[in-house]
Amino acid sequence: MPRKKKEIVIEPKLFREDKLTDELADMVDEKWTHDKFVLLTPSAGIGKTFVTIHSVGKLPGGKNAHFMIFGPKAKKLDHSWDASIMGYNIVKDTEMTYTVKTHDFIRAHPEEIIDEINEYYQKNIAVVVVIDEVHLVKNPTSKVGKALKKLVDNTMVAAAIGLSATPYSNSYIDTIGYLVLNNYYKNKTDFIRQQILFFDSYHQPMVKNANGDIDRSLFSDPDKIDEALSNFSVDKKLAKSPLPPASFEERSFDLNNDPKIKFIHPSFADFEQTKPRTQRGNYNAIKNKYYREGYYESAIESVAVQRSMITNIKQRATLLVDILKEIRESTDPHPVLIFYQNNIELDTITKVLTETKRLAPTTIHIVNGKRKDLEDVSDPNTVVLIQYKAGGAAIEFPHAYSSIYFMPTYSYENYKQTLGRNRRNGMTHPVKYYKIIANNTLDDYIWHDILDNKKSFSQKTMENVMAKQSSANSADD
């Protein structure tokens with residue numbers, strides 16, 4: 001007997017018009033007068049969904065527009081677009097319609113998409129294409145990227161908009177897809193031909209200088225890129241953030257280097273003549289001896305071993321339990337979000353939480369590629385384990401006032417998205433973020449070199465874009 005589908009009841013999220021939403025919507029509408037695709041980039045939690053809906057609602061013919069929304073699977077599952085459009089229709093007395101599909105649907109069902117567009121086009125109803133978390137499909141040479149370009153170019157589509165709090169963080173290479181959508185460059189090859197000055201031995205564009213920093217001077221005309229982005233990007237520098245207060249704390253530890261405590265790490269089990277070393281010595285041996293001597297075929301493989309070495313260790317487990325214990329014994333106990341990168345980290349966290357005697361029994365929810373526990377939680381003895389890649393977007397836990405980063409991710413995009421899982425417009429409770437860091441290891445390097453560098457580039461580019469927008473507006477006045 002077939003299992004009955006669970007009935008989904010969607011509660012409308014009523015639209016509340018405010019100055020910021022109104023200003024951003026006006027900016028989107030202005031950009032649409034000269035570019036078909038607009039890039040909406042305020043920080044996570046600002047309210048990009050309602051800004052998008054309101055920008056369409058303010059246009060002539062927008063009151064009965066049809067939205068074709070594409071995003072991560074989690075966005076489809078959480079029904080946030082459904083609730084927001086329903087709520088806007090109630091408050092504004094509009095009759096907007098919508099469909100919500102995944103990013104991959106753009107590639108897999110082009111004919112079905114065109115049929116839907118045509119259905120509304122024939123009724124003289126404006127069709128607006130929305131790409132939520134557009135940074136996930138920014139590669140113009142991917143199958144989804146190519147299909148998206150054809151979709152945006154379709155004459156039956158009235159307008160298109162991409163939403164992302166992290167549109168570009170790795171270098172100007174990240175901007176190519178957006179620039180191609182608005183025809184500032186024909187394709188990726190055209191961008192590289194015009195903008196890339198140097199290539200490495202693998203013929204890959206060089207975007208970092210000798211210090212390993214992302215360097216805009218390695219592009220032929222970075223100002224031209226900033227200028228183009230300013231033409232179709234929408235963001236606003238805020239005197240005061242509408243988000244609740246946030247604080248960050250690093251909890252660090254050293255790898256054991258006591259010469260009296262030596263052992264052979266299991267990673268070396270197959271190596272000949274492996275001598276006992278301290279915890280720090282075993283970690284250093286990967287880089288200073290075994291990779292150099294060819295025990296690992298690639299740097300990536302050796303780094304993976306180093307990462308595993310600093311995952312399942314007592315010091316990290318102790319700090320994790322320390323933080324949870326402090327929160328539960330505080331005057332404001334609450335659920336906690338814990339972010340992790342891979343399965344060995346998930347297994348380690350789960351084992352620590354189930355075996356520790358220092359905490360009351362913990363209820364564990366998991367958000368990853370296989371499981372999607374998206375419901376909000378409120379029990380203080382609850383933790384939500386969220387994989388960076390699978391749970392960086394589309395989920396909200398407003399009662400989890402603390403987040404713990406068990407280990408870092410290399411992706412600044414994924415990291416920044418995590419900041420918005422429990423800190424959004426309308427929330428008022430302060431939020432705290434804890435980072436557990438093994439000193440002088442990959443932890444240190446990823447947090448303080450790689451991610452800080454990507455953050456710096458992303459923020460500087462955003463500032464350049466907004467500065468050019470302000471300059472253009474002043475010239476118009």
Suppose we call two aromatic rings close when their centres sit under 6.0 Å apart. Are [X] and [Y] close by that rule?
{"X": "Tyr290", "Y": "Phe268", "result": "yes"}
{"X": "Phe457", "Y": "Tyr172", "result": "yes"}
{"X": "Phe232", "Y": "Tyr184", "result": "yes"}
{"X": "Tyr405", "Y": "Tyr415", "result": "yes"}
{"X": "His103", "Y": "Phe70", "result": "no"}
{"X": "Phe406", "Y": "Tyr340", "result": "no"}
{"X": "Tyr296", "Y": "Tyr291", "result": "no"}

Is it the case that over 12 heavy atoms from other parts of the model lie below 6.0 angstrom from the [atom1] atom of [X]?
{"X": "Leu197", "atom1": "CG", "result": "yes"}
{"X": "Lys455", "atom1": "NZ", "result": "no"}
{"X": "Glu297", "atom1": "CD", "result": "no"}
{"X": "Phe263", "atom1": "CZ", "result": "yes"}

[X] side chain vs [Y] backbone, donor-acceptor pair below 3.5 Å:
{"X": "Thr356", "Y": "Leu353", "value": "no"}
{"X": "Trp32", "Y": "Lys36", "value": "yes"}
{"X": "Ser84", "Y": "Trp81", "value": "no"}
{"X": "Ser330", "Y": "Ile327", "value": "yes"}
{"X": "Asp35", "Y": "Phe37", "value": "no"}
{"X": "Ser308", "Y": "Val305", "value": "yes"}
{"X": "Asp174", "Y": "Ser169", "value": "yes"}

[X] versus [Y], closest heavy-atom pair with distance:
{"X": "Val152", "Y": "Ala160", "result": "CG2-CB, 4.0 Å"}
{"X": "Thr166", "Y": "Gln417", "result": "OG1-NE2, 3.5 Å"}
{"X": "Val321", "Y": "Leu359", "result": "CG1-CG, 4.0 Å"}
{"X": "Val303", "Y": "Tyr410", "result": "CG1-OH, 3.5 Å"}
{"X": "Ile113", "Y": "Ile106", "result": "CD1-CA, 3.6 Å"}
{"X": "Ile323", "Y": "Arg251", "result": "CG1-NH1, 3.7 Å"}

Exercise. Which pairs, with at least one residue in residues 134-146 and sequence neighbours excluded, count as a side-chain hydrogen bond (donor to acceptor under 3.5 Å, both in side chains)?
Worked result: His135-Ser164, Lys138-Glu413, Asn139-Thr141
Problem set entry | Those residues that, when tested against His109, pass side-chain hydrogen bond (donor to acceptor under 3.5 Å, both in side chains) (two or more places apart) | none
Problem set entry | Donor + acceptor pair across side chains of Ser403, Asn422 (<3.5 Å) | yes
Seminar exercise, completed: Rounded to the nearest 0.5 Å, the CD atom of Gln459 sits from the CG atom of Asn464 at a distance of 12.0 Å
For this session: Output all residues satisfying ring-ring contact (aromatic ring centres under 6.0 Å, His included) with His203, sequence neighbours left out; order by chain, then residue number.
Result: Phe199
